[in-house]
Amino acid sequence: MSRKRYHRTGILYEEEDQNPLTGVANLFDVAMVFSVALLIALVMSFQLPELLSPTEDITIVKNPGQENMKIIVKEGQDIEVLNMTEQIGGGTGEALGTAYKLADGRVIYVPDSGNETAT
């Protein structure tokens, strides 16, 4: 007379645990978190956290002085890309002051003393 041995495997090995795709179920979520972290790391590496803020205004000039120069203007949520053309702007006006570019790349505007308006 042979007796069959029964093991209590029903608690540990249910139908859900035997599915081979359970380890891949959250792969999309992990990829989304990774892509957002990569985007934030890239923005921080370029030192432009203003791009993530919906209220900040920023202007970026790509390839200044070259044929493929672009000006990217972000005002609030609106982003506009201006491409360089062959057209030359002209008109009449008056000089308001002088702009100086420092060694670190900053530009300082100094108004002329005769152009100040009294309030």
Side-chain angles (χ1 to χ4, degrees):
M1 182 171 174
S2 69
R3 299 186 80 183
K4 292 182 182 178
R5 292 187 177 175
Y6 292 103
H7 296 284
R8 296 185 136 208
T9 59
I11 295 173
L12 298 177
Y13 299 105
E14 293 180 2
E15 192 67 33
E16 293 176 341
D17 293 335
Q18 294 177 1
N19 187 355
L21 294 178
T22 50
V24 203
N26 292 328
L27 204 56
F28 179 76
D29 295 334
V30 171
M32 291 303 295
V33 169
F34 178 74
S35 63
V36 169
L38 183 64
L39 176 68
I40 291 173
L42 286 174
V43 168
M44 293 302 168
S45 70
F46 287 123
Q47 298 176 351
L48 295 172
E50 294 88 8
L51 289 175
L52 298 177
S53 174
T55 58
E56 294 287 329
D57 298 337
I58 188 169
T59 302
I60 300 172
V61 179
K62 286 180 63 175
N63 305 322
Q66 296 180 5
E67 292 180 11
N68 59 350
M69 182 173 90
K70 291 184 180 183
I71 300 174
I72 303 167
V73 180
K74 177 185 170 282
E75 294 177 348
Q77 299 256 343
D78 300 328
I79 298 176
E80 183 179 2
V81 177
L82 307 171
N83 293 320
M84 184 176 161
T85 64
E86 295 295 324
Q87 297 176 349
I88 298 175
T92 59
E94 62 181 279
L96 297 176
T98 308
Y100 297 97
K101 185 174 183 179
L102 301 179
D104 63 356
R106 293 185 294 162
V107 177
I108 296 178
Y109 168 72
V110 179
D112 289 339
S113 60
N115 291 336
E116 295 179 353
T117 59
T119 56

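Computed from heavy atoms alone, side chains included, the values below leave out hydrogens, waters and symmetry copies.
Atom OG1 of Thr59 sits about 7.0 Å away from atom CD of Glu75, to the nearest 0.5 Å. Atoms CG and CD1, on Asn83 and Ile72 in that order, are 9.5 Å from each other to the nearest 0.5 Å. Between atom CD1 of residue Ile71 and atom NZ of residue Lys62 there is a gap of 12.5 Å, rounded to the nearest 0.5 Å. Taken from OG1 in Thr98 to CD1 in Ile108, the straight-line distance is 12.0 Å, to the nearest 0.5 Å. Within the model, atoms NZ of Lys74 and CD1 of Ile58 stand 7.5 Å from one another, a figure rounded to the nearest 0.5 Å.
Contact between Ala99 and Val107 at its shortest, heavy atoms only, is CB-CG1, 4.1 Å.
In this structure, Leu38 is not a member of the same hydrophobic cluster as Val33, with clusters built from ILVMFWY side-chain heavy atoms closer than 4.5 Å. At a threshold of 4.5 Å between side-chain heavy atoms, the hydrophobic network of Ile, Leu, Val, Met, Phe, Trp and Tyr places Met69 and Val73 in one connected group.
A donor-acceptor pair under 3.5 Å is absent between the side-chain atoms of Asn63 and the main chain of Lys70, judged by distance alone.
Put simply, the side chain of Val110 reaches to within 4.5 Å of the side chain of Tyr100, judged on heavy atoms.
The number of heavy-atom neighbours closer than 6.0 Å to CD of Gln77, taken from other residues, nucleotides and ligands shown, is 12 or below.
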